[in-house]
Amino acid sequence: MDYDHLEPTDGGLKLIGVRNFKPKHIFECGQCFRWDMVNEGRYLGIVRGKVLEVSEEDTGIFLHNVNEEDFRTVFEDYFDLKREYGPIKEELSKDPLLKESVEFGHGIRILNQEPFETLISFIISANNGIPRIKAAVAKIAEKWGTPISYNGRTYHAFPSPLQLSKASEADLRGIGIGFRAKYVARTVRAVYEAECIERESLTRKLTDDEALSLEQSLDRIASLPHKLCHDALQCFEGVGPKVADCIMLFSMGKQEAFPVDVWVKKAMSFFYKAPEMSLPMTREFGQDKFGRLSGFAQQYLFYNARENKVKVE
DNA sequence: ATCCAGGATAGCT
DNA sequence: AGCTATCATGGA
């Protein structure tokens, strides 16, 4: 546990004795796309159909618009608060090259996000920039997600597979995601059909084709061990090795994943003098070095490299 | 204008 | 299995 207990406040909760929790680090380390800074140290996000705010004040960390039941059922896990990051950081800091990055992103926590939203968001992330990814995800929610009113304003949940299956490829192209529209449309269809077939499977025997579609059920994929999970995710169009690693790490609890993008490649090259390594090589190098803590190491490296615009050569 | 952004894919060898 | 051109889009 990385907090001691809760204290009810006006319309929210205060985390008492919270450790390793800095909103700026958590929401700006590139793992999520639905959180925005509303004030210094205060962020607003939409998670599983709820709008909430997180603020860091002199007196501690506050969760706004969250009651104790929401916290127990959703947000304790979402913020990964049952995990102690102290020992993780200590272990990773034994590596002098990583210590600097761990210190720079000392308040990072890896969120446990929704698999479907993470899948679609990271398909959009391919060869794209973070501000534009966020804009695209926001537009998808506005067009196809369920509206939520909060503080006199209207926000939108990320759509379910059923809701997003109403979007055509042309609709999605209108969002401004370019060539990724086809991937998103086809992947949404695959997830939606797998969900339907999963329900059907409770009442009757499936055909061979249906059994194959069932392999695309996100629940099932999430329950697979690392390697099989990584392979299964890549059966979705628009999902390659890096995006699969992100989905595993950010929404399926697979902390041994090591997503390698341009920034992590630069960071590995910068810190570990590993130039001229291909992406797959860099991935294996990282997993061998960091093992079950690969995902955490990757986030500290990514945040440091990107915020400080690490240049190699 | 050219390059780049949390890459993936089809078509090569 | 590993390499390459191509894929939209907008900002630097």
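The analysis underlying the following values was restricted to heavy atoms, covering all of them including side chains, and did not include hydrogens, waters or symmetry mates. Each chain gets a letter, A, B and so on, in the order its sequence line appears, and its residues count up from 1.
Between A:Arg132 atom CZ and B:dA5 atom P the separation is 13 Å, expressed in whole Å. Going from atom CD1 of A:Ile123 over to atom C1' of C:dA8 covers 16 Å, rounded to whole Å. Atom NZ in A:Lys265 sits roughly 12 Å away from atom P in B:dA5 (whole-Å rounding). If you take CZ of A:Arg283 and P of C:dG2, they are 13 Å apart, rounded to a whole angstrom. If you measure from atom NZ of A:Lys309 to atom P of C:dA12, you get 11 Å, rounded to the nearest angstrom.
Looking at DNA chain C, the stems built from 3 or more consecutive Watson-Crick or G-U wobble pairs, each pair with its key distances under 3.5 Å, are B:2-5 with C:9-12, B:7-13 with C:1-7.
The pair A:Arg42-A:Glu56 does not meet the salt-bridge criterion, since no charged nitrogen lies less than 4.0 angstrom from a carboxylate oxygen. Note on A:Lys227 versus A:Asp231: salt bridge recorded, some NZ/NE/NH1/NH2 to OD/OE distance being below 4.0 Å. Using a cutoff of 4.0 Å between basic side-chain nitrogens and carboxylate oxygens, A:Glu103 and A:Lys99 are not scored as salt-bridged. Taking 4.0 Å as the cut-off between side-chain N and carboxylate O, A:Lys254 and A:Asp245 do not count as a salt-bridged pair. Using a 4.0 Å cut-off between a side-chain N of Lys or Arg and a carboxylate O of Asp or Glu, A:Lys182 and A:Glu237 do not qualify as a salt bridge.
Among the atoms of the strands shown, only primed sugar atoms or phosphate atoms (P, OP1, OP2) are found under 4.0 Å from some heavy atom of A:Lys266.
Look at A:Arg180 and you won't find any side-chain N or O under 4.0 angstrom from OP1 or OP2 of C:dA8.
A 4.5 Å side-chain heavy-atom check between A:Glu195 and A:Asp219 finds every atom pair outside the cut-off. Residues A:Ile247 and A:Met252 have side chains in contact (heavy-atom distance under 4.5 Å, counting atoms from C-beta outward). In this structure, the side chains of A:Pro23 and A:Trp35 stay at 4.5 Å or more apart for every pair of heavy atoms.
Between C:dC3 and B:dG6, the distance separating the two C1' atoms is 22 Å to the nearest Å. Taking atom P in both B:dG11 and C:dA8, one finds a spacing of 15 Å when rounded to whole Å.
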Whether each nucleotide of nucleotides 6-13 of chain B has a protein heavy atom under 4.0 Å at its base (B), only at its sugar-phosphate (S) or at neither (-) is summarised, 5' to 3', as BBSS----
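Taking the six-membered ring where the residue is Trp, A:Phe158 and A:Phe116 present perpendicular rings, their angle passing 60° and hence far from 30°.
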